[in-house]
Amino acid sequence: MKKTLKSSSFWIGIVIGIAIIIAGLALFYYLDEKRLEKEQLTALKLSQKNLEKDFKEFNGLPDAKKNKKQYVKQIDKISNSIEYEYNDLVEIEPPEKTVYIHTGVLDNLELILDNLDSVDLLVDNKHEDAVKPFEDYIDDLMLYVNKDIEKQIKKLSK
């Protein structure tokens with residue numbers, strides 16, 4: 001036993017074994033990151049397309065004072081659609097290089113949903129004149145979401 005521990009070939013074998021294990025772990029980590037990037041890129045492109053449609057519908061909303069029923073119906077539809085996209089994005093584990101942007105997109109989508117609920121409540125309670133500031137804020141948030149998703153797609157497409 002003492003002879004084996006003093007043998008240089010024994011120590012060389014230990015070092016090579018450790019190096020192989022470290023290389024295997026690094027390869028696994030790299031391949032997992034690439035899988036996450038591909039998965040997120042696919043989901044983001046689909047979500048971007050769907051969210052753009054919802055954002056266009058939001059910009060084309062009728063006046064809440066003139067057509068309350070249609071307004072509420074469209075707000076509910078947009079809210080449900082955005083919530084669906086939000087849930088899809090929540091399920092995706094982002095790769096390291098887009099974690100910050102990913103959480104920013106999710107935070108802004110949550111704010112949009114909260115404000116859409118507020119708008120819905122205001123209209124239900126006959127306060128249609130108080131809707132405009134919320135609409136402007138939602139519009140700004142939608143721009144941020146679009147920009148962040150674009151940044152994320154560019155990062156993942158490199």
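This structure is a prediction, so every number in the text was calculated from the model and none was measured.
- Pairing each heavy atom of Ala43 with each of Ile92, the nearest pair is CB-CD1, 2.9 Å.
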Original post:
Please walk me through it: do Gln74 and Phe58 pass side-chain contact (heavy atoms from CB on, under 4.5 Å)?
Top reply: CA-CA 8 Å; Gln74 279 190 278; Phe58 179 78; over 6 Å; no
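- You'll find the side chain of Met142 stays beyond 4.5 Å of the side chain of Asn108, heavy atoms only.
- Residues Asp148 and Gly104 share a closest heavy-atom pair of OD2-C, 4.4 Å.
- Taken together through direct or relayed side-chain contacts under 4.5 Å among Ile, Leu, Val, Met, Phe, Trp and Tyr, Leu156 and Leu36 form parts of separate hydrophobic clusters.
- Taking the side chain as every heavy atom from C-beta outward, Thr98 and Pro95 approach each other to under 4.5 Å.
- Put simply, the side chain of Ile78 does not reach to within 4.5 Å of the side chain of Phe55, judged on heavy atoms.
- Between the CG atom of Leu109 and the CG atom of Leu89 there is a distance of 6.5 Å, given to the nearest 0.5 Å.
- Interatomic distance, CD of Gln152 versus CG of Leu41, reported as 9.5 Å (0.5 Å rounding).
- Without hydrogens or angle criteria, Gln40 side chain to Glu93 main chain gives no donor-acceptor distance under 3.5 Å.
- Checking side-chain atoms of Asn115 against main-chain N and O of Leu111 turns up a donor-acceptor pair under 3.5 Å.
- Linking ILVMFWY side-chain heavy atoms closer than 4.5 Å, directly or via other members, places Leu143 and Ile82 in two distinct hydrophobic clusters.
- Inter-residue side-chain proximity for Tyr71 and Val119 is flagged as met; some heavy-atom pair is nearer than 4.5 Å.
- Panel note: side chain Ser81, backbone Lys77; no donor-acceptor pair is recorded below 3.5 Å.
- Within the model, atoms CD1 of Ile101 and NZ of Lys154 stand 11.0 Å from one another, a figure rounded to the nearest 0.5 Å.
- Note: Lys68 NZ to Asp63 CG = 13.0 Å, rounded to the nearest 0.5 Å.
- With contacts defined as side-chain heavy-atom distances shorter than 4.5 Å, the pair Ile16/Ile12 qualifies.
- Side chain to side chain, Glu96 and Tyr29 meet the donor-acceptor criterion of an N or O pair below 3.5 Å.
- Note on Ile138 and Tyr84: separate hydrophobic clusters, where clusters join Ile, Leu, Val, Met, Phe, Trp and Tyr whose side-chain heavy atoms are under 4.5 Å apart, directly or indirectly.
- The residues Glu150 and Lys147 are annotated as not salt-bridged, no charged nitrogen and carboxylate oxygen being separated by less than 4.0 angstrom.
- When atom types are taken as modelled, the side chain of Asn125 and the backbone of Leu121 share a donor-acceptor pair closer than 3.5 angstrom.
- Counting heavy atoms from C-beta on, the side chains of Gln48 and Glu52 come closer than 4.5 Å.
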**OP:** Please lay out, stage by stage, how Glu83 and Asn87 fare under the test side-chain contact (heavy atoms from CB on, under 4.5 Å).
**Re:** CA-CA 6 Å; Glu83 189 168 358; Asn87 289 335; 4.0 Å; yes
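- The cluster map of Ile, Leu, Val, Met, Phe, Trp and Tyr, joined by side-chain heavy atoms under 4.5 Å apart, puts Ile14 and Ile21 in different clusters.
- Pairing each heavy atom of Ala130 with each of Pro133, the nearest pair is O-CD, 3.4 Å.
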**OP:** Starting from the C-alpha separation in whole Å, work towards a yes-or-no answer on side-chain contact (heavy atoms from CB on, under 4.5 Å) for Leu44 and His102.
**Re:** CA-CA 10 Å; Leu44 275 173; His102 182 81; 5.6 Å; no
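- The hydrophobic cluster containing Leu106 does not contain Val99, counting ILVMFWY residues as joined when their side-chain heavy atoms lie under 4.5 angstrom apart, directly or transitively.
- By the 4.0 Å N-to-carboxylate-O rule, Glu37 lies too far from Lys155 to be salt-bridged with it.
- No side-chain heavy atom of Lys73 sits less than 4.5 Å from a side-chain heavy atom of Asp76.
- Side-chain atoms of Ile112 and Tyr86, non-hydrogen and from C-beta on, never get closer than 4.5 Å to each other.
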Original post:
Could you go step by step and tell me if Ser79 and Asp117 meet the side-chain contact (heavy atoms from CB on, under 4.5 Å) rule?
Top reply: CA-CA 8 Å; Ser79 200; Asp117 289 342; 4.0 Å; yes
